Amino acid sequence: MASIAPRYFSGTLCILLWFAPIAAQAEVERIQLTTEALTVDVTPAIGGRVLSLALKGQPNFLWVSDEVNKQPSPQVTPEAGNIGYMGHEVWVGPQSQWWQHQKLNSERRAAKAVWPPDPFLVLSGYTLLTQDAQQIHMQSPASPISGVMLQKHIAAVDNNPNQIQFKVSAQNIRDTSVAWDIWFNTRVPHTTAVYVPVAQESDVRIAQFIDDTFGPIAGELQDGLWSLDNSNSPSHKGRKGKVFVQPSQGWLAAFRDQQLLIIQFPLQSKAAIHPEQGQVELYQEFTNANIYPGLLELEVHAPYKTLEPKASMQASETWWLMPYHGEQTAVAQRAFLRSLSGL
């Protein structure tokens, strides 16, 4: 999440790849992947993150902050804090172990810190390995904090100009074993309506972060889809909390204005996911008065695995972005999701 508050615990395809023009104040390198239907802006800088995803003629579906332009070249040290660039980035999980397997920041290790995430993975510049008409492939530095090196491969999907595939691999760079999962995190405004297929209420667990400002988050399960309430809090100045979900199918859906983003992923058994996490997680934080931009995180965890020295693991998501011109109501959105043949 952003640095706005303390972090929780846990068709014919024509594709062009080019360096997008950058405004004078924006120093971050941007590479744009374009299909007939959409554009994706990626930077090898600041954690190799995705900065924009949009249908042609539509606004950015993601939430990206001004920090991208204000701090384009952050210092990356074991003492570095988080910078709320937002967009899409990749972590490793579980969160409780972030600072437990390193000797460079003894204070965070002793405190069992759950924030910030590994700066070597989320703030560093990534090396651009290959790029062509259909893909972007980049690699992180070897992290002395997490003991892994990430590779990210972002590519258009053949014969489907509305889809982008995101693949990540994590390699153990130590001479001892490490155990992590690959954790995708996509940030969107809190007003985005999100739905996750769920079999029963017991497959949803909510962690509330209630204080004088933030009241409880809430949601409902109806017709096999669990939705998060993004309306104003009736009892507090805002809402803040985290939802852990064992989904019944490998996708989640998010509606924003006239766009629908469906994130598809391999469905995992509950046993494959670290018990502190959920395969799908939703983090919500906003105030009714919009003192600062509200946040919704769409998170997906891959299986938790132990990696022997030099071993790697992989995970993937497919982003399906399409137009939606229906009513902005839960009834209409649920009906639209049920009508889709690709789910």
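The structure displayed is predicted, hence computed values, not measured ones.
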### Query
Quick check: does any side chain N or O of Tyr304 sit under 3.5 Å from a backbone N or O of Pro275, one acting as donor and the other as acceptor?
no
### Query
What do the steps show when you test His301 against Glu281 for side-chain contact (heavy atoms from CB on, under 4.5 Å), and what is the final call?
CA-CA 8 Å; His301 286 261; Glu281 297 176 4; 3.1 Å; yes
### Query
Any sub-3.5 Å donor-acceptor pair from Asp118's side-chain atoms to Trp91's backbone N or O?
no
### Query
Any ion pair linking Arg187 and Glu89 (charged N to carboxylate O, less than 4.0 Å)?
yes
### Task
Assign the ring pair His137 / His153 to parallel, tilted or perpendicular, where the plane angle (0 to 90°) is split at 30° and 60°.
perpendicular
### Task
Could you tell me whether Trp183 and His274 have their ring centroids closer than 6.0 angstrom?
no
### Query
Does a donor on one side chain and an acceptor on the other come within less than 3.5 Å for Gln333 and Gln328?
yes
### Query
When you measure from the side chain of Lys240 to the backbone N and O of Thr287, does any donor-acceptor pair fall under 3.5 Å?
no
### Message
Does the plane of the ring in Tyr283 sit parallel, tilted or perpendicular to the ring in Phe209? Use 30° and 60° as the thresholds.
### Response
tilted
### Message
Ring-plane angle category for Trp180 and His101, please: parallel below 30°, perpendicular beyond 60°, tilted otherwise.
### Response
perpendicular
### Beyond-backbone contact of Ile145 with Pro78, side-chain heavy atoms, under 4.5 angstrom
yes
### Message
Taking the side chain as everything from C-beta on, heavy atoms only, tell me whether Val90 gets closer than 4.5 Å to Leu121.
### Response
no
### Task
Measure from the side-chain N and O atoms of Arg109 to the backbone N and O of Gln102, and report whether any donor-acceptor pair falls under 3.5 Å.
yes
### Query
Gln246 side chain to Arg205 main-chain N or O, any donor-acceptor pair under 3.5 Å?
no
### Message
I want to check something: taking the side chain as every heavy atom from C-beta on, are Asp229 and Arg239 in contact at a cut-off of under 4.5 Å?
### Response
yes
### Query
Are Glu276 and Phe244 side-chain neighbours, meaning at least one heavy-atom pair lies under 4.5 Å?
no
## Note on the structure
Sorted by chain and residue number, the ring-ring contact (aromatic ring centres under 6.0 Å, His included) partners of Tyr324 (sequence neighbours excluded) come out as Phe255, Phe336
### Side-chain touch Met322/Leu340, heavy atoms, less than 4.5 angstrom
yes
### Task
Would you check if there is a donor-acceptor pair between the side chains of Arg30 and Ser52 at a distance under 3.5 Å?
no
